[in-house]
Amino acid sequence: MAERAGQKALKVHGTMPREAQFHQILRAVVQGFSLHAAVRCSAEDRQALEQLCRYIMRPALADERVQTNASVQMVLKLKTPLRDDTTHLMM
């Protein structure tokens, strides 16, 4: 059985905590996640619009880095090891 089976899912609330860091206009870093909303292009700039659409339509995780193991757990291969040399996360 999975280690976290039966536990509640992590909830992300819609309000930003007061400790949110604003590094520049329309960019925020909150609890390890960053949001950059300063990118824009005109409707007439079709190449820039296509490039922006391709960027926002990318999957959150690359298919080649996500697998299932023999115990039917999801295994994510990290791009770079963590500080403690962790190379994979099992969920």
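Index from 1, following the sequence. Source: prediction; values computed, not measured.
Ionic pairing of Arg54 and Glu50 is present here: one or more N-O contacts between side-chain nitrogen and carboxylate oxygen are shorter than 4.0 angstrom.
If you take CZ on Arg65 and CG on Asp63, they are separated by 10.5 Å, rounding to the nearest 0.5 Å. The line from NZ of Lys79 to CG of Leu61 is 10.0 Å long, rounded to the nearest 0.5 Å. If you take NE2 on His88 and CG on Leu78, they are separated by 7.5 Å, rounding to the nearest 0.5 Å. Taken to the nearest 0.5 Å, the CE atom of Met57 stands 11.0 Å off from the CG atom of Leu52. Between the OG atom in Ser71 and the CE atom in Met90 there is a gap of 8.0 Å [rounded to 0.5 Å]. Between the CD atom of Gln67 and the CG atom of Leu76 there is a distance of 10.0 Å, given to the nearest 0.5 Å.
In this structure, Val66 is a member of the same hydrophobic cluster as Met91, with clusters built from ILVMFWY side-chain heavy atoms closer than 4.5 Å.
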Leu49/Gln47 under side chain to side chain contact (heavy atoms under 4.5 Å, CB included): CA gap, chis, key distance, verdict: CA-CA 5 Å; Leu49 185 59; Gln47 185 175 2; over 6 Å; no

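More than 12 heavy-atom neighbours from other residues, nucleotides or ligands sit within 6.0 angstrom of CE on Met74.
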